[in-house]
Number of protein chains: 2
Amino acid sequence: MTTPPPGLRERKKQATREALREAALRLAVERGPDQVRVEDIAEAAGVSPRTYNNYFASREQAIVAAVTSGREARIATAVAARPAGVRLADAVTEAVVEQYTNTGEHEQQALLLITTRTALRDAFLDTTADIEPPLTAVIAERLGDTGAHTARVLAASAAAAVRIALEGWLRPAGNPEAAESFGAGGLVVPSGSLPDRLRAALAPLAPAFDAAERRTQL
Amino acid sequence: MTTPPPGLRERKKQATREALREAALRLAVERGPDQVRVEDIAEAAGVSPRTYNNYFASREQAIVAAVTSGREARIATAVAARPAGVRLADAVTEAVVEQYTNTGEHEQQALLLITTRTALRDAFLDTTADIEPPLTAVIAERLGDTGAHTARVLAASAAAAVRIALEGWLRPAGNPEAAESFGAGGLVVPSGSLPDRLRAALAPLAPAFDAAERRTQL
DNA sequence: ACGCAAACTTGCGTGCACGCACTTTTACTG
DNA sequence: CAGTAAAAGTGCGTGCACGCAAGTTTGCGT
């Protein structure tokens with residue numbers, strides 16, 4: 001495709017980005033997330049605070065990015081890698097599960113941190129939106145040009161489902177927020193590991209994926 | 001259900017909320033959206049700036065709320081109002097179309113304003129998330145307790161679809177952003193009125209709604 | 001009618017996001 | 001090997017979001 005050579009400019013940019021991510025995470029772990037100002041992160045990475053905001057739009061994004069960096073691209077690649085024979089719904093589901101189960105030591109620690117602050121939790125959940133564009137691209141590829149529109153909707157729905165799964169997963173056990181939205185029947189199933197939750201959240205969308213896929217094969 | 005009498009406290013709160021909304025919209029129309037500070041809105045509504053932020057989390061929300069206020073509730077009610085015989089997918093789609101076609105004079109003017117600033121546009125698009133909880137509730141009601149989980153995913157997906165429809169709809173014609181995400185085949189259909197776009201965006205989800213609905217009828 | 005507890009408002013202080021104008025660095029061309 | 005244009009970094013200034021710790025109002029029980 002389009003990878004001439006990456007050029008010094010781009011490499012420096014990525015280096016700065018990574019420096020900011022790592023500095024943010026390290027400082028947050030060391031002192032606790034509330035004792036880290038943007039100024040500190042910028043200084044630790046050797047750039048000005050203003051430059052920090054050229055890379056990340058909020059204080060939380062850098063910390064969260066240390067966990068989620070590149071996940072969107074990996075999910076898209078994983079979907080594209082599945083043989084064309086398998087159901088699109090399965091390809092997407094498994095790609096998602098696979099990438100979110102990527103539990104490196106670094107990430108486990110960071111996730112623990114993230115659960116402790118709602119601002120971080122929210123920033124983390126917002127990253128699910130990042131998977132939408134690449135997902136749209138790979139889905140569109142399978143559906144053909146007529147399904148470009150559909151691809152967009154399916155990708156957004158999948159992203160929404162993932163968000164829901166994550167939301168439930170990293171909900172701290174302690175809060176009595178579960179019985180909030182329903183008047184009477186409080187028989188909800190609170191359980192499940194992350195892969196289970198992801199699969200369960202994506203399952204209801206499978207018929208939509210199937211229908212879209214079927215439409216292209218006619 | 002639960003409407004004892006609303007009480008003075010609550011009525012005052014709503015009054016303040018509405019005062020802020022109206023003040024925000026009026027000032028934005030009068031002077032242009034960039035010439036309105038939170039301080040101005042608060043003053044015009046007779047509260048402190050700090051109180052403004054107890055009601056709205058951003059400067060844009062008040063302006064946008066002047067257009068979207070109560071839409072979530074109306075959509076939910078509209079869905080619940082459809083006879084139990086019609087397809088759930090249709091009920092949701094028509095309820096959404098109905099409520100977004102609510103084109104009062106006030107709103108038309110405000111929408112025009114909103115398109116002129118991306119910050120406003122984004123805030124407006126973010127309000128689609130508000131329909132998710134009420135939609136979850138009415139869908140869950142139709143699906144029964146076993147489908148609570150599914151209801152959540154379907155509601156979120158519908159909200160995402162609506163967002164996509166709106167995004168495309170109020171995209172200013174002038175920007176060459178359309179050919180961005182696709183490498184080669186730039187044959188996209190740019191067209192459509194808002195109801196068309198909404199229906200088109202929700203259509204791919206219909207199979208998922210059908211499947212969920214079918215599952216409860218077994 | 002009284003008084004208390006909970007809810008709402010407000011002022012203050014802090015850190016943050018970002019537009020703008022300017023300097024420094026990188027890339028490309030003759 | 002310039003010279004130049006584009007891009008990234010930076011300092012400054014402004015308005016904003018929000019925690020906190022008062023003050024003020026509303027609701028309710030007795």
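We name chains A, B, ... by the order of the sequence lines, and we start the count at 1 in each one. Note that these values count all heavy atoms, side chains included, but never hydrogens, waters or copies made by symmetry.
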>> Counting only heavy atoms not in A:Glu141 (residues, nucleotides, ligands), do more than 12 fall under 6.0 Å from its CD?
In response: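 Not buried by this count: 12 neighbours or fewer within 6.0 Å.
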
> Rounded to whole angstrom units, what separation is found between the CD atom of A:Glu10 and the P atom of D:dA7?
Replying inline: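 Checked: the CD to P distance equals 12 Å.
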
> Separation of A:Gln14 atom CD from D:dA8 atom C1', in whole Å?
Replying inline: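 Rounded to whole Å, this separation is 13 Å.
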
>> Which residues pass the salt bridge (charged side-chain N to carboxylate O under 4.0 Å, His left out) test with A:Glu18, not counting sequence neighbours?
In response: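 A:Glu18: no salt bridge (charged side-chain N to carboxylate O under 4.0 Å, His left out) contacts found.
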
> Can you find a donor-acceptor N/O pair under 3.5 angstrom joining the side chain of B:Arg9 to the base of C:dA7?
Replying inline: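 Looking at the base of C:dA7, it does pair with a donor or acceptor on the side chain of B:Arg9 (distance under 3.5 Å).
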
> Quick one: do the B:Thr51 and B:Asn54 side chains pair a donor with an acceptor below 3.5 Å?
Replying inline: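 The criterion, which ignores hydrogens and geometry beyond distance, is not satisfied for B:Asn54 and B:Thr51.
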
> Regarding B:Arg199 and B:Thr93, is there a side-chain donor-to-acceptor distance under 3.5 Å anywhere?
Replying inline: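 On atom types as modelled, these side chains do not qualify, holding no pair under 3.5 Å.
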
> What string of B, S and - do you get for nucleotides 11-19 of chain D, 5' to 3', when a contact is any protein heavy atom under 4.0 Å?
Replying inline: BB--SSBBB

>> Under the criterion side chain to side chain donor-acceptor pair (under 3.5 Å), I'd like the reasoning laid out for A:Thr115 against A:Arg121: C-alpha separation, chi angles, the key distance, then a yes or no.
In response: CA-CA 6 Å; A:Thr115 54; A:Arg121 199 187 75 115; over 6 Å; no

Using residues 22-29 of chain B as the side-chain source, report each donor-acceptor pair under 3.5 Å to any protein atom, sequence neighbours left out, with the distance given to one decimal.
unit_1: B:Arg26; atom_1: NH1; unit_2: B:Glu30; atom_2: OE2; d: 3.1

> Within the structure, does a side-chain N or O atom of B:Lys12 lie under 4.0 Å from either OP1 or OP2 of D:dT26?
Replying inline: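 So the side-chain polar atoms of B:Lys12 do come within 4.0 Å of the phosphate oxygens OP1 or OP2 of D:dT26, strictly under.
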
